[in-house]
Structure formats: structure tokens, C-alpha cells
Amino acid sequence: MGFVVAAIVNEPSAVLERFVSWYLRQGADRVALYFDDPAHPDIARFAALPCVTVTPCTAEFWASLGLSAEVRFTLRQNAALTHAYRAQTEGWLLNVDADELMYAAGKTLAAWLATQTEPQSLRIASAEQIHTAGPQQLFRLQIAKAEVNEIYGAESDLFRRRYGLIGHADGKSFHRAGRSDLRLRQHWAEDASGAEVIGTRLFARDGVHLLHYMAPNYAAWRNKLDWRLNAHGFPAPIKERLRACQASADPEAGFRALFDLLHAPDPKQIAALEAIGGILRLPADFGAPQTG
């Protein structure tokens, strides 16, 4: 077996279609979807697809893992991913979210993994989608904090904590199957003592990227404001700016301006990022499900 992809999901159909199609085209042996909403309308459709397994996260499922549906999402997520890992006996498990596509330049993930000799874990750095008027898909890469200061100036506090990104900078990981003591977290794994399992960390220079579509458009970003305000790990400076927008005379205008600031850099900023190798360009139709 090569690799299995596992994710706990609660996304719209189009996002799930892209996710499943992408990883099957990348050579995944199986895509394991854990539906956090056990009444999600797409469960039956995805369960009928070859090489896709579906687990509705019912109260009974959570109880089998010693949890309930009321516990914090990240705890449920970790439990579901660990369940997927322990169900696998060979090959690699990749744990990602439905808005993340792992990408190896010039080859499929299956072909790329076949060249890897790391015995346990591979953690791949994030590349974050940004919006421009051009025809290509653009992703910004992690940069040094000094470079963040130079590019974003007075707004650099919003970007510095995560090295120029807004979403997570920790990336996501492949884990070799076969360890009964391993417990998966969102970005890495830990052993029975709670210590992080150290493997190989790979970055843009290695030609492999975790493409994070965290804010695909303003409406999708706007719909997750409550989550961002309450998420423990979301950067405090951005939370403060969101709260300021809420309290303003025109919250919607403030939210829109903040979205553009965070996820639609101006041409000068994009040029500055590109000059230091901080931009990845991909075709406009990259990742789109194939039909026919």
C-alpha cells in the first residue's frame, strides 16, 4: 500500500469533490472521510465512490472513542485521525483538512512518497492561497519575520507570528503506519508520553507544499468569523481587528477591508514576496476535479 488520506469534514459538496478527486488522482489508495455532521447530505454519495470510505461521526462513534459530540472540535478531530491511523497496517497516512491539497511539483504524491526514506513522519510546510486579478492561482510561502516587517510595514503584526501566513504555519504530516502508541494531532503525531514524534520537515525549497485554501472568497471567510474569534490558536492581533470591525459604525465595510488586507495583497506586496521566493504560481484550473 502507498498512502491513505484521512480528514474530518463538514464542507460543501464542491470542496469535498475537489478534495477526493485530487487525492485519488495523486495515487491515494483510499480517502477516508469522517463526517462531523452525521446527517451531512453528501454522505451517501461519497460512500458510493470507489476507494472512498465514509464514517458518519454519530454519538455512538464518538462514544466508541471515549468522547461525545459536545467536546471541543480539535479533540474530536485528533481522535478521528488517530482512529484512521490505527486502522491502517501499512504504507503512509496523510492527515489533512478538506481545504488542503498536498502537492509535489512534477510528480504525483504516490511517486514522490516512493522516493522518501524517512522511517516515521514527514511534515510539509504550508502555502496559503491569496487573491489577485490575474489568471493564475497564487500561494504565499513562509518568509522570515524581518521580511514580514519589510513587506507589510505598519500591518506586520497581523502576519509576523506565522511567518507571513494567516492560517497555520505548522503544515501537515504523513505518518508511516504500524505504531500502536502513536496519537495524531492536527499537524504532527505524539507518542504515549505526549512527546512529539520527530521526523523530517520539508519546505518550499524541497518542491512539496501543503496548499491551504483557507479563504477561498469573501463569503466563505465571512461565514467563519465566529470560529476565528473563538479559536484558541488564532492570532490575537487579528482577533482584535475583527472585534474592532464588529464595534464600528459599518462592520461589513470593515470586514471586507480586513479580508482584502489579509488575503488579497496589493501588486507591490506580491512583487516583493516574489522577489524573495515567497510566491508559488499554479495554473488557474489547478486542483479542479476532472470529468469524463
Side-chain angles (χ1 to χ4, degrees), residues 6-22 33-43 45-46 54 56-57 69-78 80-81 95-101 126-133 137-140 155 158-159 161-162 164-170 172 186-187 210-265 284 286-289:
I8 183 167
V9 301
N10 193 14
E11 278 76 21
S13 298
V15 174
L16 295 177
E17 287 169 1
R18 179 184 65 187
F19 182 84
V20 170
S21 173
W22 172 258
L33 301 178
Y34 290 78
F35 280 86
D36 195 41
D37 175 6
H40 194 290
D42 288 325
I43 285 178
R45 180 160 66 90
F46 283 100
V54 165
C57 295
E70 286 70 43
V71 304
R72 191 170 73 245
F73 173 75
T74 52
L75 295 178
R76 301 198 311 275
Q77 181 180 36
N78 293 344
L81 294 171
N95 63 297
V96 282
D97 294 332
D99 63 352
E100 297 169 338
L101 303 183
S126 301
E128 188 172 271
Q129 183 192 32
I130 54 175
H131 300 282
T132 71
Q137 292 187 38
L138 266 63
F139 297 82
R140 61 183 161 205
E155 303 290 3
L158 301 177
F159 299 88
R161 177 179 174 182
R162 294 180 173 177
L165 305 184
I166 298 301
H168 58 76
D170 289 314
K172 292 292 175 70
Q186 295 99 302
H187 307 286
L210 178 74
L211 305 178
H212 190 187
Y213 292 84
M214 72 166 295
N217 52 56
Y218 175 70
W221 178 85
R222 178 71 174 81
N223 286 339
K224 287 192 172 183
L225 288 187
D226 287 343
W227 175 84
R228 292 185 175 92
L229 283 167
N230 293 294
H232 175 72
F234 205 69
I238 300 178
K239 288 184 180 182
E240 292 170 6
R241 190 69 65 90
L242 288 170
R243 293 189 182 101
C245 292
Q246 284 182 318
S248 70
D250 190 349
E252 206 58 41
F255 289 142
R256 183 72 214 208
L258 183 59
F259 172 83
D260 289 342
L261 173 63
L262 298 178
H263 301 291
F286 179 89

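Heads up: numbering here begins at 1 and tracks the sequence.
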Point to revise | CG-CG distance between L258 and L262, expressed to the nearest 0.5 angstrom | key: 4.0 Å
Review point. Within 45° of the ring axis of F159 and under 6.0 Å from its six-membered ring centre, is that where the NZ or CZ of R140 lies?
Key: no
**Study point:** C57 to I8 - nearest heavy-atom pair and separation
**Key:** SG-CD1, 4.5 Å
Practice item. Report yes if some heavy atom in the side chain of V15 is under 4.5 Å from a heavy atom in the side chain of Y213; otherwise report no. Key: no
Check your understanding: side-chain contact (heavy atoms from CB on, under 4.5 Å) between E11 and D99: does it pass, once the steps are laid out?
Key -> CA-CA 9 Å; E11 278 76 21; D99 63 352; 5.8 Å; no
**Study point:** Any donor-acceptor N/O pair, R18 side chain to L101 backbone, under 3.5 Å
**Key:** no
Point to revise | Approximate separation, where rounding is to 0.5 Å, of N78 CG and Q186 CD | key: 4.5 Å
When the side chains of residues 249-257 are checked against the rest of the protein, which donor-acceptor pairs come out under 3.5 Å, sequence neighbours left out?
from, atom 1, to, atom 2, distance (Å)
D250, OD1, A253, N, 3.3
E252, OE1, R222, NE, 3.3
E252, OE1, R222, NH2, 3.3
E252, OE2, Y218, OH, 2.4
E252, OE2, R222, NE, 3.1

Review point. Heavy atoms, side chains only, cut-off 4.5 Å: are V9 and F35 in contact?
Key: yes
Review point. How far apart are the C-alpha atoms of L33 and V20, what are their side-chain angles, what is the distance that settles it, and do they pass the side-chain contact (heavy atoms from CB on, under 4.5 Å) test?
Key: CA-CA 9 Å; L33 301 178; V20 170; 4.0 Å; yes
**Study point:** N/O donor-acceptor pair under 3.5 Å between Q137 side chain and A284 backbone
**Key:** yes
Check your understanding: Between CG of D260 and CD1 of I130, what distance do you get to the nearest 0.5 Å?
Key -> 12.5 Å
Point to revise | Heavy-atom side-chain proximity of F19 to E100 below 4.5 angstrom | key: no
Point to revise | Sidechain-backbone polar pair: D42 side chain, R45 backbone, donor-acceptor under 3.5 Å | key: no
Check your understanding: How about D97 and Q77: does a side-chain donor come under 3.5 Å of a side-chain acceptor?
Key -> yes
Check your understanding: Going by heavy atoms in the side chains, are L225 and Q246 under 4.5 Å from each other?
Key -> no
Check your understanding: How long is the span from the CH2 atom in W227 to the CZ atom in F73, to the nearest 0.5 Å?
Key -> 9.0 Å
Check your understanding: Do any pairs count as a salt bridge (charged side-chain N to carboxylate O under 4.0 Å, His left out) and have a residue in residues 231-245, sequence neighbours left out, and if so which ones?
Key -> E155-R241
Review point. Going by heavy atoms in the side chains, are F139 and E128 under 4.5 Å from each other?
Key: no
**Study point:** Derivation and outcome, side-chain contact (heavy atoms from CB on, under 4.5 Å), residues S126 and R162
**Key:** CA-CA 10 Å; S126 301; R162 294 180 173 177; over 6 Å; no
Review point. Can you name the closest pair of heavy atoms from W221 and A215 and give their distance?
Key: CD1-CB, 3.9 Å
**Study point:** Atom of F46, atom of S13 and distance for their closest heavy-atom approach
**Key:** CZ-O, 4.4 Å
**Study point:** side-chain contact (heavy atoms from CB on, under 4.5 Å) between R76 and V71, worked out
**Key:** CA-CA 7 Å; R76 301 198 311 275; V71 304; 3.3 Å; yes
Study note, to complete from the structure: Scanning both residues in full, the closest heavy-atom pair of L16 with A98 reads CD2-CB, 4.1 Å
Exercise for review: Output the distance between atom CZ (F259) and atom CD1 (I166), rounded to the nearest 0.5 Å.
Suggested key: 11.5 Å
Review point. Can you tell me how far CD of Q129 sits from NE2 of H212, rounded to the nearest 0.5 angstrom?
Key: 9.5 Å
Point to revise | Test item: M214 and H263 side chains (from C-beta on) under 4.5 Å apart, heavy atoms | key: yes
